[in-house]
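Just so it is clear, the model here is predicted, and its values are computed rather than measured.
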Amino acid sequence: MYQLAGKRILLGVTGGIAAYKAAVLLRLLRKHGADVRVVMTRGAIEFVTPLTFQALSGKPVHTELLDLEAESAMGHIELARWADLILIAPASANFMARFANGFADDLLSTLCLAANIPVIIAPAMNQQMWLNAATQENLEKLKFRGISIIGPAEGDQACGENGPGRLLEAEDIASLTAKSFETNILTGSRVLITAGPTREAIDPVRYISNRSSGKMGYAVAIAAIEAGADVSLISGPVNLPEPERAKVTNVSSTAEMYKAVMSEASRTDIFISAAAVADYSLESISEQKIKKLNDSFELKLKKNPDILSEVSAMQDAPFSVGFAAETENLETNAQAKLHSKKLDMIAANHVGDGQGFDVETNALTIFWKNGQKQLEQAPKTKLARNLINLIADQYNEKNSNKTH
Ligand code: PMT
């Protein structure tokens, strides 16, 4: 079973008889949960119509670099930012040559230059073209730049020849694409994550809560799973599918989240607190529904425990990562939380005015003792992967300092 749920894949189709196989691949990627947008080169359009890919992807197909209509829907830079990965299948000899030499004379080659994300290439061409020294040189250049090359396979070719140059089977391309998301940088570590809001009951039907959707925390959980960690997710009430391969504990109030976290914290290597935890709860919860008797009434609140601070204050505390949700003075407030909560790292985001809470994208500024990094506006899934990479780096550094 491939793990492609929620992955945004930009499928590049270039000119060659194998272009028709990209339609099968597209169906397979979508079947396994990926959100796919297709970019076709002019050569590809000679073999298969954009309409085929449009019908199969359910999205407009992108073909032109300078297309005003397409630019107003999703411009090429936005498309490059949207994707988690670019998969080019089939990749022709001509495309490989242009990509290897940094050309940006059509939409696909421009996207490859503009995107700072992994690129996978599945070549398909006549066997002599593949074996030609020029193609082999281009191949080496691309590999050197960290581009993943999958295939080609050997066998009978459409032109009647036999040799290397066949596009890998769609099944193999899909499974290798899924595997490329598995980084294994946290293999063997136990990661505990909180996500979503907490709810503080007022009476049997009402509560105080916040706008957290859980999207950020769930994305972090999925990124940690893909990094090979053993993940436990403590979730407030959200409307999201449970990540596969995570142990999920559903809670409602801060007291329940506190109890669930504390029962696992001592068995945890890394704690990531992405939940929007209510700071206060009701001093007493009314047993009956409160009646509308007076023109106004007051709720008396008491302070909740700070779950993150309690975890980071433990003896042998896990590597502790907080989030800071700020409407002003982002850096000052985040740095203050990093120190007062004795954290190893904090991810600060601007919230309010449609930012941070209950949206698909976010921007994070990450602070730790000796550094900081800005993660620009991007889908939360992508930010989560970058955050997990940073956490893995700092966690490993802290551990290696301990052992020396
Ligand atoms: O869920 P989404 O819709 O995707 O939105 C994501 C998000 C905006 C909720 C997320 O990115 C985020 O910022 N989460 C933290 C929200 C928050 O409570 O921030 P804070 O600055 O109030 O708290 C600082 C840290 O202390 C947080 O890590 C929080 O989890 C933790 N905390 C706070 C209070 C408390 N009683 N216990 C805690 O553990």
Side-chain angles (χ1 to χ4, degrees), residues 186-201 207-210 212-285 301-325 337-338 340-347 384 387-388 391-392 394-396 398-399 402:
L186 286 178
T187 298
S189 341
R190 291 155 303 179
V191 178
L192 178 62
I193 298 164
T194 63
T198 56
R199 283 181 185 169
E200 301 304 344
Y207 56 81
I208 300 174
S209 190
N210 59 65
S212 169
S213 63
K215 285 177 186 155
M216 192 68 241
Y218 274 54
V220 171
I222 291 166
I225 293 165
E226 286 171 356
D230 186 356
V231 173
S232 179
L233 174 64
I234 315 285
S235 175
V238 298
N239 233 330
L240 297 171
E242 288 189 357
E244 283 178 28
R245 297 184 281 161
K247 174 184 166 228
V248 181
T249 307
N250 291 303
V251 297
S252 181
S253 65
T254 303
E256 286 168 16
M257 185 172 274
Y258 175 79
K259 201 169 154 215
V261 167
M262 292 326 259
S263 76
E264 295 198 29
S266 59
R267 283 176 275 121
T268 294
D269 300 308
I270 300 172
F271 175 52
I272 307 172
S273 183
V277 186
D279 288 322
Y280 294 89
S281 55
L282 275 284
E283 242 185 35
S284 69
I285 302 169
L301 304 177
K302 64 177 192 310
K303 210 169 187 180
N304 279 332
D306 190 302
I307 304 173
L308 179 56
S309 298
E310 298 242 357
V311 171
S312 69
M314 282 168 45
Q315 223 183 359
D316 280 332
F319 186 89
S320 300
V321 182
F323 271 72
K337 284 177 188 171
L338 179 72
S340 68
K341 297 191 186 222
K342 298 194 170 45
L343 306 178
D344 293 291
M345 191 180 260
I346 194 154
L387 176 61
I388 286 292
I391 291 174
Q394 293 305 312
Y395 169 69
N396 289 331
K398 187 175 179 184
N399 276 352
K402 263 191 213 161

Could you pull out the closest heavy-atom pair between [X] and [Y], with the gap in Å?
X    : Y    : value
A274 : G217 : CB-CA, 3.7 Å
M257 : G236 : CE-N, 3.9 Å
V238 : G196 : CG1-CA, 3.8 Å
S273 : L308 : CB-CD1, 3.9 Å
I225 : E244 : CD1-O, 3.3 Å
F323 : V220 : CZ-CG2, 4.4 Å

Short question: side chain of D344, backbone of V321 - any donor-acceptor pair under 3.5 Å?
->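 No.
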Report yes if the side chains of [X] and [Y] come closer than 4.5 Å at any heavy-atom pair, otherwise no.
X    : Y    : value
S266 : M314 : yes
V261 : T194 : yes
Y280 : K302 : no
S252 : T198 : no
S253 : R199 : no
P243 : L233 : yes

Heavy atoms of other groups near K398 NZ, more than 12 under 6.0 Å =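 Buried by this count: over 12 neighbours within 6.0 Å.
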Does atom OH of Y207 have more than 12 heavy-atom neighbours from other groups under 6.0 Å away?
->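 It does not: Y207 OH has 12 such atoms or fewer within range.
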Salt-bridge contact R190-E264 (side-chain N to carboxylate O under 4.0 Å) =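 No.
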Run the salt-bridge test on D306 and K341 with the 4.0 Å N-O cut-off and return the result as yes or no.
->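 Salt bridge flag = yes for K341 with D306.
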To the nearest 0.5 Å, tell me how far [X] [atom1] sits from [Y] [atom2].
X    : Y    : atom1 : atom2 : answer
M262 : I234 : CE    : CD1   : 11.5 Å
I346 : S320 : CD1   : OG    : 11.0 Å
K337 : L343 : NZ    : CG    : 10.5 Å
E242 : T249 : CD    : OG1   : 9.0 Å
I193 : S235 : CD1   : OG    : 11.0 Å
N239 : S213 : CG    : OG    : 9.5 Å

Who passes side chain to side chain donor-acceptor pair (under 3.5 Å) against S263, sequence neighbours left out?
->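 Applying side chain to side chain donor-acceptor pair (under 3.5 Å) to S263 gives none.
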Would you please test Y258 and E310 for side-chain hydrogen bond (donor to acceptor under 3.5 Å, both in side chains) and show each step?
-> CA-CA 9 Å; Y258 175 79; E310 298 242 357; 3.0 Å; yes
Verdict with supporting geometry, I388 and I272, side-chain contact (heavy atoms from CB on, under 4.5 Å) | CA-CA 10 Å; I388 286 292; I272 307 172; 4.0 Å; yes
Does the side-chain contact (heavy atoms from CB on, under 4.5 Å) test come out yes or no for D269 and F319, once each step is laid out?
-> CA-CA 6 Å; D269 300 308; F319 186 89; over 6 Å; no
Report the C-alpha distance between T254 and N304 in whole Å, list the side-chain angles of each, state the deciding distance to 0.1 Å, and finish with yes or no for side-chain hydrogen bond (donor to acceptor under 3.5 Å, both in side chains).
-> CA-CA 7 Å; T254 303; N304 279 332; 3.3 Å; yes
Verdict with reasoning, L186 to D230, per side-chain contact (heavy atoms from CB on, under 4.5 Å) | CA-CA 9 Å; L186 286 178; D230 186 356; over 6 Å; no
